[in-house]
Each structure stands twice: as C-alpha cells, then as structure tokens.
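Report on the following structure.
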Amino acid sequence: MGFVTKSIEDRVAVLTINKPPANALSSALIQEISSIFNELEHDENVRAIVLKGDGRFFSAGADIKEFTTINTADDFAKLAENGQEIFEKIEKFNKPVIASIHGAALGGGLELAMACHIRYVADNAKLGLPELQLGLVPGFAGSQRLPRYVGMAKAAEMLFTSEPISGKEAVQWGLANAAFPEEELHEASIKLAKKIAAKSPLALSKAIELLNYSKHENYYAGVKKEADSFGDIFVSADAKEGISAFIEKRQPQFTGK
C-alpha cells in the first residue's frame, strides 16, 4: 500500500499524502511522490496539481525515526541530496503545483510545500523549520528557499527560534499566497487549480521555466552546502541527543559537541 493517493478530475490531479499520524516524510514517501510526478509529467489529462495531506496535517516533518538507522555523514548528505533533487523536480515541474496546507507544514513538510509553485493555507495552519530544536539543520533546501520568500531577517528568526508562523502570518510574509478557514481550503485550492488548468499547457510550462530562470547560480551552491552541512551535523553528539529527546518526548540537553 502506498502513502499517496491520486485522483484526476477536470484536468486537475489531487495528490493526498496519507501516512498517519503526521504524514512524516520518509524516504519511501518522498520517492513515491517522485514516481507519481513522473507519471503526471506526460499525462495530457492533467494540467494542474493540488498536493495536500490527509488527517490532521499537511506534513509535520521528516520521519525522525528513520534518521536513527543512518550512521555516516556521507549517508546523511546523500539523503538530503536525494530529497533536494526530488523537490527541485517539483519546482521545475512542467505543470503548476499548488500546496494546500492545513494543520502543519513543518521541517521537511514546509520544504516540500516551498518547492510547490503556489501555497494556499488554512488560517490556523503552522508553518516552520524546527530542525534546530533537534540540534539539526534543514536538509531539503529549506535554508535556501525560505529567505527567498520571507527575507533574510525573518528566515533567520524562524530558523534560530524554531518557532512556526500561522497561515495568516505566512501570507503577510509572502510564504503563502492566500489563507482560508480550514473548511474552505480544499475548495479554494481546487478552484484555483481549475482556473490555471484552463490556460495553455505550453504557455504554463514556459512560464514555469522563466520563473525558475530567475534563480541565481549561488542558490545551487547553497543547496549543495546545505546537504554537506546536513551530513556533518547529523553525526554530532547534539544531533543524537536531539533525535533521542524527540523520540523520548523530553527536552534535549545540548553540549555543543
């Protein structure tokens, strides 16, 4: 059984992450998302995509327990690079992708949402990168994409404090396009997707290409640096303590080692 369901109606594909209880992004789930996007790339019946989560959250983050099965900095860096590559595929995808965010998009969940072209959010959703709370750093290009949306100062605050912002605040800071009461979010996302799907597929593809062209080369150097840092930090004592504390539901005691 997979973790992502797909439905197609009126040229809109709805992808729903269903991995209770928090839709944590395991390697298997991220790979499944990649495979589905490969299928949709050449599906002429699909012109826009809505990505959402089932249950309480869009995605509350990466699968922390999976981290305990990895030991070397190189393996952690490869994990980060794989996620970065798949999320980059979404950002460069030839059809518009709308993230429909309710509950929470934290850590890897927010990194996935930031790779989408448009973000619609519930008013009370929580969006953040809490990796430093665990003694870690973002690994799926979060440190590079977040400043592009909210500016360097706000990105620093969100990273350093690990505090999320609400859906309404995300709109104010430019991280999300619009916020809705949670019960209206899905309908609003579908309405937007259908409006977009009525446009020329060729023009949409070119528009996405042009938007991505605005990236600077130092962005790609930055995501490579992030992956290497992700690997280095994961073999530290503080990272081991942060992960253990998360799993044991206690406050971490960091030593700086």
Side-chain angles (χ1 to χ4, degrees), residues 14-25 29 33 49-64 83 87 90-91 96-193 195-196 242 245-246 249 251-252:
V14 177
L15 307 184
T16 305
I17 302 171
N18 185 7
K19 188 175 182 289
N23 292 333
L25 296 179
L29 172 53
I33 291 172
I49 297 157
V50 173
L51 179 62
K52 62 190 286 286
D54 194 27
R56 295 172 55 201
F57 305 111
F58 175 80
S59 172
D63 189 341
I64 303 300
F87 290 4
I90 294 172
E91 189 167 60
V97 184
I98 302 163
S100 183
I101 302 166
H102 79 289
L106 302 174
L110 180 57
E111 289 173 306
L112 172 59
M114 287 194 291
C116 299
H117 303 117
I118 293 173
R119 282 158 296 284
Y120 269 14
V121 296
D123 292 333
N124 58 355
K126 298 297 181 184
L127 293 82
L129 296 177
E131 285 85 353
L132 267 70
Q133 187 72 25
L134 280 69
L136 310 176
V137 294
F140 298 149
S143 68
Q144 304 303 297
R145 283 196 174 96
L146 186 62
R148 294 169 57 208
Y149 293 121
V150 304
M152 189 63 70
K154 187 61 177 179
E157 178 187 324
M158 291 176 66
L159 276 171
F160 299 165
T161 66
S162 299
E163 290 292 328
I165 59 177
S166 69
K168 286 184 177 180
E169 290 174 311
V171 174
Q172 293 169 2
W173 281 101
L175 183 55
N177 297 74
F180 304 87
E182 186 170 325
E183 64 273 15
E184 298 176 12
L185 174 63
H186 181 66
E187 182 179 349
S189 300
I190 295 296
K191 182 178 179 181
L192 175 65
K195 182 176 183 179
I196 291 171
F246 177 85
K249 294 181 170 53
Q251 287 295 315

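Note that the structure is predicted; figures quoted are calculated from it, not measured.
Looking at heavy atoms from C-beta onward, Phe58 lies out of side-chain contact with Val121 at the 4.5 angstrom threshold. The side-chain heavy atoms of Leu146 and Leu175, taken from C-beta on, include a pair separated by under 4.5 Å. In this structure the side chain of Leu106 reaches within 4.5 angstrom of the side chain of Pro164, judged on heavy atoms. Side-chain contact between Lys126 and Glu169: absent, with no pair of heavy atoms (C-beta onward) separated by less than 4.5 Å. For the pair Cys116/Leu51, a side-chain contact is recorded, criterion being any heavy-atom separation below 4.5 Å from C-beta on.
With His117 contributing its side chain and Ile98 its backbone, the two residues share no donor-acceptor pair below 3.5 Å. For His102 (side chain) and Gly55 (main-chain N/O), a donor-acceptor pair under 3.5 Å exists by modelled atom type. Under a 3.5 Å cut-off, the side chain of Glu111 and the backbone N or O of Gly142 do form a donor-acceptor pair.
Counting only residues at least two apart or in different chains, side chain to side chain donor-acceptor pair (under 3.5 Å) contacts with residues 178-192 comprise Ser100-Ser189.
Within the model, atoms CG of Leu127 and CH2 of Trp173 stand 14.5 Å from one another, a figure rounded to the nearest 0.5 Å. Summarising the geometry, atom CG belonging to Leu25 is positioned 6.0 Å from atom CD1 belonging to Ile17; distances are rounded to the nearest 0.5 Å. Of the inter-residue distances, the one linking Ser166 atom OG with Gln172 atom CD reads 7.0 Å to the nearest 0.5 angstrom. Here CD1 of Ile49 is found 9.0 Å from CD1 of Ile90. Values are rounded to the nearest 0.5 Å. Taking NZ of Lys52 as the reference point, atom CD1 of Ile101 lies at 12.5 Å (rounded to 0.5 Å). Rounding to the nearest 0.5 Å places CG of Leu136 at 6.5 Å from CD1 of Ile64.
Here the closest non-hydrogen pair linking Ala245 and Gln251 is CB-C, 4.1 Å. Closest of all the heavy-atom pairs between Pro130 and Gly107 is CD-N, 3.4 Å. For the residue pair Arg119 and Ala113, the shortest heavy atom distance occurs at NH1-O, 3.0 Å. The two residues Leu159 and Pro138 have their closest heavy-atom pair at CD2-CG, 3.6 Å.
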>> Set out, in order, the CA-CA distance, both residues' side-chain angles and the distance that settles side-chain contact (heavy atoms from CB on, under 4.5 Å) for Ile33 and Leu15, then state yes or no.
In response: CA-CA 9 Å; Ile33 291 172; Leu15 307 184; 5.7 Å; no

>> Apply side-chain contact (heavy atoms from CB on, under 4.5 Å) to residues Tyr120 and Leu185 and explain how you reach the verdict.
In response: CA-CA 7 Å; Tyr120 269 14; Leu185 174 63; 3.9 Å; yes

>> Go through it in stages, so that I can follow the logic: the residues are Asn177 and Leu192, the test is side-chain contact (heavy atoms from CB on, under 4.5 Å), and I'd like the CA-CA distance, side-chain angles, deciding distance and then a yes or no.
In response: CA-CA 11 Å; Asn177 297 74; Leu192 175 65; over 6 Å; no

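In this view, Glu157 and Lys154 satisfy the side-chain hydrogen bond (donor to acceptor under 3.5 Å, both in side chains) rule, not counting sequence neighbours. With sequence neighbours excluded, no residue forms a ring-ring contact (aromatic ring centres under 6.0 Å, His included) with Phe57.
Annotation: cation-pi pair Arg145/Phe87 absent, no NZ/CZ under 6.0 Å from the ring centroid and within 45° of its normal.
No more than 12 heavy atoms of other residues, nucleotides or ligands lie within 6.0 Å of CZ in Phe246, so this atom counts as exposed by the packing criterion.
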